[in-house]
Structures are given as C-alpha cells and as structure tokens.
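One structure is given below, encoded as structure tokens.
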Amino acid sequence: MSGYGIEDLVYILPIVFLLVWALVLVLVEAFTKRPDVTMLLAAFGLLAAVTLSVIQFGTEATAFKEMLTVDGYAVFVYMLVLASGLLSLGLAYDYNRRMGWARGEYYILMLFSIAGAMLMASAANLIVVFLALELLSIPLYVMAAFVPNDASSEEAGLKYFLLGAFAGGFVLYGVALIYGATGATNLMDVVAAALGTNSPVMLLTGAALILVGLGFKVALVPFHMWTPDVYQGAPTPVTAYMAVVAKAGGFAALFRVFIAAFPSVSADLTPVIATLVVLTLVVGNVAALAQKNIKRMLAYSSISHAGFLMMAFVTYGSALYADAVTSLLFYLLAFTVTSFGSWAVVIALEKAEGKGLDFEDYAGLGKKYPMLSAAMLVFLLSFAGVPPTLGFAGKFFLFRTVLEAGYAWLAIVGVIMSLVSAFYYLRVVRFMYFEQGDPEVRSEPVLNLVTAITVVGTIFLFLFSGPLLAWASEAVLALI
Amino acid sequence: MVAIEYYVILSAILFTLGIVGVLIRRNAIVIFMSIELMLNSANLAFIAFARQYNELNGQVFVFFVMTVAAAEVAVGLALMVTIFRTKHSIDVDQLSSLKG
Amino acid sequence: MSLNLIFFLLLALIAVLSAVGLLASRSALYSALYLIINFATVAVMYLTLHAPFIAIVQITVYAGAIMVLFLFVIMLLGAEHIGSLHPQRWFLPLALVLGILLLAEAIIIIFTQPNLLPEAQVISSDFGSPKAIGELLFNQYLLPFEATSILLLVAMIGAIVLTKPEKK
C-alpha cells in the first residue's frame, strides 16, 4: 500500500475506533447475549470516541488520499453526533426493556449509524458522501422496524427504507452528473474543475439532484412525505435519534459539498433554496397545528426546524460564509439538546402499545409532576425560540445572519412561523398546567438523567452562547 | 462506441422511468425494483463518463454502488418479509395504520 | 448510420421497453424478469464502453444475486398477484407528462449546448480490466472499500435481526 501512513489512521481515529468497537461488540453480543452489557459497552465506546475527537480539535488535514477531511467543522459535528448517541442510549436503556424487546444488536447498529454520520461530516469525496449516507441510513431502517410483531414499527421501517433508498438514488445520479461535468468525485478536484468550467448546466443539475436527495434525508418540504409516519411508528428512542442525527449528518455533508465544491453554484441555487425554506417552514408549522399525537406533532416540528437549518444555507450565497456555517452549527447544537429533552419527556409518559402519546395524556402533569412539566416547558419554549433558552439564541443568531445577508423577508417569515409554532407548543403547556388529569410517568434514573442534562443544557448553555458561537466560528474557519 | 450523448440520454430516460415507477406503483417490491432501475441508470452514466474522461474512477464507483445496492436489497427484502408475516400484504396504500 | 449506432439503438430500445414493462406489468414476477432483461442489456452496453469487469460484475451481482433474491422473496410471499394498478387518479398522467417534459428538456440541452459533454479521450488497452480496477480499488479507494465491507456487515446484521425469531 503505497502512499498511506500511520497518520491517516490517526486522523480518523475516532471513526476507526468506533467501527472497531462496534465489531467487537458484535462478538460480545453473540457470546453473552445480554443487551445490558452491550449497551454499557456501547456507551463506553462512545465516550472514548468523544475523547478521541476532542484530541482532534485543531487539526486540519485530509486523510486516506483525500477521501476524508478532518477539521474543526468535522470535529464539531463528531461531538454533536456522539453526544446524540449517548443521549439516545440513555433514552433507550429503560424503554427497550420496558417494552419487552431489548436486543443488543440495537446498540451495535446505532454505533454503526453514528460512524456513518461522522463520515458524512468528514467526507471530502462524493463517493464517501454516498457510502456514509448509506452507512448512516441502513441501520436506521432496521432500528425503525425493531419492535417485533408491531405493524406500526415495521411499516415505519419499510417507509423509511423506501424513502431513503429513493433519496440515495437522487444523490447518486447527482454525483454521476457532477462526475460527468468535472471528471472527478473528489471535492478538491471538483472545485478546480468547476472554476474553469465549460458545462455549468450539468454541474448545476447534479448539485440540484444532490440537494433533492439530501433534502429527503433531512425532511425538507416537499420531500417530507412519509416522515411523520416514520417518526410516529418507530420506537421513540429511535425517533429521537433519527430526528437529530439524520439532520446533523445530512446538513453537515450538504454544507461541505456545496460550500467547498460549488461556491458559484450555491449563489445560483439561492432562490430555489429560499423557496424550499419557506415551503418547509409553512407546511411544517401549519401541519403541526392540526396534530393531536405528540409524536406526530414533534415530527412536524422537526420538519420545520429543518427549514430553519436550511435558512442558514441561503445566506451563503451573499458571501457571509463564516456566519452562515456558524449559525448552522449553533442551531444544530440548540436543536440537538432541545430535541432530545423533549423526546425524553415523551418517553417518560409513553406506555406500551402506543398509548400515552396524545395531548390529553399530558393533562394534569403540572400538578402531579412539577419538575417534569417544568422541563417540558423549557424544551417547548426553546423550540419556539423564547428566551432564555438555547433555542432562542440559535434563532437569534440565525435571523441576524439572514438579515445581514440582505434577506429581511426571509427573516420575517422565520419570525412569523416561530410565532405560529408557539401555538402548538403552548397547547401542550396548556394541557400540562391547565387541564385536570392523572398522568402516569415512568421515572427511571437514566431517563431522568437525560432529562436533567438536556434541561440544564438548554438553559445554561444559553448563558454560554458567546463562547459556543466563538467555538463554532473557529470550527468553520478551516472550511472556507 | 457511440457518441456519449446517446448514453447520457438513455440513462436519463431510465432514471425518469425509475422515478415514475416509484411514484405510481403500490407494491413495495415493485417500488424497490424501480429504485434499482434508478441506481442502474446512474451506473450507466458513470461508466459512460469514465470512458470519456479515460478515468477508471467511474468504474470503481459503480463497483461500490453495486455493493451498496446489494446491502440495501438484503435489508429491504428482510423488511418486506417481516411486514408480510404480520400483515399479509405489502401494498403501501394498505399500510395506513400510521395516519393521524 | 454506422453499425455501432444501430447496435446501440437496438440495445437502448430493449432497455427502455423492459423498463416500461417493469412499470406496467401486473405481476411482480414479470416485473422482476423485465428488470433482469434490463440489467442484461445494460451489461452489454458496459462491454461497448470498455468496462468488461464491471459488465461481468453486473451480471453476477445484479442479475445473478440481487434479482434472484428478489425472485425468491416474490415467490415466497406469493406477491405476484397484486391486483390492479390503481394509482391516485391524477398521479399517472401527471408523472408521465412531467417525465416527458423533463426528458425533452434534457435532450434539447444535450444536443444544443456546445461543450456540454467531455470529449472522448484515447484509452489504453487495459482500460477497465480487472487489474486496472484492482489497482485503483486497493490503493486510491481503500477507505471506501473498507466502508463498503462494513456496510455489507451491517446489512447482514440488520437482515438477521429483522427476520430471525427471538427465542425466549
């Protein structure tokens, strides 16, 4: 093997470690058949990977013959995704057992999926983007269908699979067209070829197709068709994981591909993207208003947040590169913390066979479980963008960037839609505090820990918004 | 070999037919077959471009795509078998227990 | 009208017709068989494009393994009888119209825009040979290669987890 050195391995050590660890766990699970053990080992593996990622922060390198880039941006996403994995494990710990179908393979598949998301953030070659997308998604298809003999779960898995495979087809054809336009799949070479381009049409079409494909993955409108069904039918910890990590991986790759490889194309595509953003915000929020099931409501809310995340992209076209990517990363962080928190509360109230998931089941929560409902209140406020939460900071910085880029109308749409979203978020609050009821809550140490961590994160990290933003901007510098 | 335009157009036609198939068919297996058609058409484009540029990258990429397709097929068909066991149907219009 | 062109058009016709057959057939079994024809046709095209290795892999993996798996599942589930093709009323015409428009646009662009597609380069005699591909695969593309192997493992685990009953 000419041309490879030990430093290649060192640069991508977090990913390699996670993959090797997952392989070891396959054997462990095969011989001990104890899901608890596998879960603890998986958590340990994730923590180790976090440590390795922290060490990586500050390096800027390409590895494996320019297949991967390791820079601050990638490491930021690594940590976000690894933290999501840990939180998901916390959510799944009791849930899987309680529902009666705990299996070690669940945690192993999750580790592989996380590795896929990390690869997506680091991809410097379109081939790796495609493969990483599949590595991220295929375990999710299985995890969504994990509940045995449950029609909803299996249906969710199938629908997610068909949707994901369809999306992959678009991404692939887009890559094919870009290859046809530039003769390369390596992002560096694509940039070089695109500058002296003689076929912008094919390049543009290819980029657009990749946008469509990844748009399916992060649930932008009009590519969101089956997303609410999938979120509702999949086991809740899987939904929580999907909502965050599919977006994180998808957006990370999307930004890197477009910003690194298609600076000029990004400017051309801006009106299209702005339209997608508006559609997503409107449809996501309006549809959420009509929901009575909390999982579906959070699914549509998640779709609307994908719209907000995409808004960061619009600003790129007007040369505010650093701010555009920084606002994306920061909003992603805010969304991650808030989202996991809200799903933790949903799990606490969920009972077997899909019960305990309607708004009515939250009635009287304020009186009987004040801490839990206070936590939920915080999460809902953060989703809506009310201070002093991290969600507010995320939206604030995002809208400010959008304004500075000259898209005042878009910022206004964003603010209006945030106000609309407050309606359905506060509806849950109304049920919690102003309706009578006798809810049952599952109080379990790990779950409570997750809830506590995310609540603290949502409020206290808000106080640290400044340093966090600075960290995110620093992460971005290498990208541009 | 023939001018590359023809191959690209053929690949575009097959890709479009694949998309149409996904949109109009209800049987999950046939939908999946349409997706395979889409992947296949992309492969054709890759090989054609590889020939044009005298770059083997395209062919290597097709190799990977085939592997990915095989992996997807394994999981997808397993999902369909599981659903069929529970519901005795793989008609996606009948998969409506999740409407809300 | 060179012989090459006629040959290509024949193959293209078969490919398109088999794809249409896939879409229009009432039986999932026939659709699968049409798809096999499509794959075989494309494999022949790969041969004309100097991709002998890929052509053989197409036959072996796609037509030989993947489609056989499809056929197994179709026959196992008895899914070849799927009733009539009733899409939403307006889907079919809409999809066809949009598809034709898109294609027409693509064709016009391809033929009228100059410099859209690259010029044909001269290729070496072992272009597309297993040796050349192997060299690329294990040197340049080592990471994707390893990632693909992991992907296959994940798919295996997934398929087994889904279908193997848990013994309690």
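Chain naming here is simple, since letters A, B, ... match the order of the sequence lines and numbering starts at 1 in each.
- In this structure, no portion of Ala78(B) lies under 4.5 Å from any heavy atom of chain A.
- No part of Leu135(A) comes within reach of chain B, as not one of its non-hydrogen atoms sits under 4.5 angstrom from that chain.
- Both the backbone and the side chain of Leu39(B) come within contact range of chain A, each with at least one heavy atom under 4.5 Å from a heavy atom of that chain.
- Summarising the geometry, atom CG belonging to Asn186(A) is positioned 9.0 Å from atom CG belonging to Asn57(B); distances are rounded to the nearest 0.5 Å.
- When all heavy atoms of Ser11(B) and Tyr173(A) are compared, the pair lying nearest together is OG-OH, 2.6 Å.
- Looking at Leu172(A) and Phe61(B), their side chains come closer than 4.5 Å, going by heavy atoms from C-beta outward.
- To the nearest 0.5 angstrom, Phe166(A) atom CZ is 9.0 Å from Ser34(B) atom OG.
- Scanning both residues, Ala176(A) and Ala45(B), for their nearest heavy atoms gives CB-CB, 4.1 Å.
- The nearest pair of heavy atoms linking Ala28(B) to Leu158(A) is CB-CD2, 4.0 Å.
- Ile35(B) contributes atom CD1, which lies 6.5 Å from atom CZ of Phe161(A) (distance to the nearest 0.5 angstrom).
- For the atom pair CD (Glu55(B)) and OG1 (Thr182(A)), the distance works out to 9.5 Å, reported to the nearest 0.5 Å.
- In this structure, Tyr53(B) contributes its side chain and Gly180(A) its backbone to a donor-acceptor pair below 3.5 Å.
- For Glu154(A) against Ile83(B), the heavy-atom pair with the smallest separation is O-CD1, 3.4 Å.
- Rounding to the nearest 0.5 Å gives a distance of 8.5 Å between CZ of Phe15(B) and CG of Leu177(A).
- Closest heavy-atom contact between Ala145(A) and Leu79(B): CB-CD2, 3.4 Å.
- Interface remark: Phe170(A) contributes backbone and side-chain atoms alike to the contact with chain B (heavy atom separation under 4.5 Å).
- Between Phe130(A) and Phe64(B), the gap from one ring centroid to the other reaches at least 6.0 Å.
- Judged by distance alone, the side chain of Tyr179(A) and the main-chain N or O of Phe46(B) form no donor-acceptor pair under 3.5 Å.
- Put simply, of Pro148(A), Ala165(A), Gly157(A), the one with the most heavy-atom pairs under 4.5 Å next to chain B is Ala165(A).
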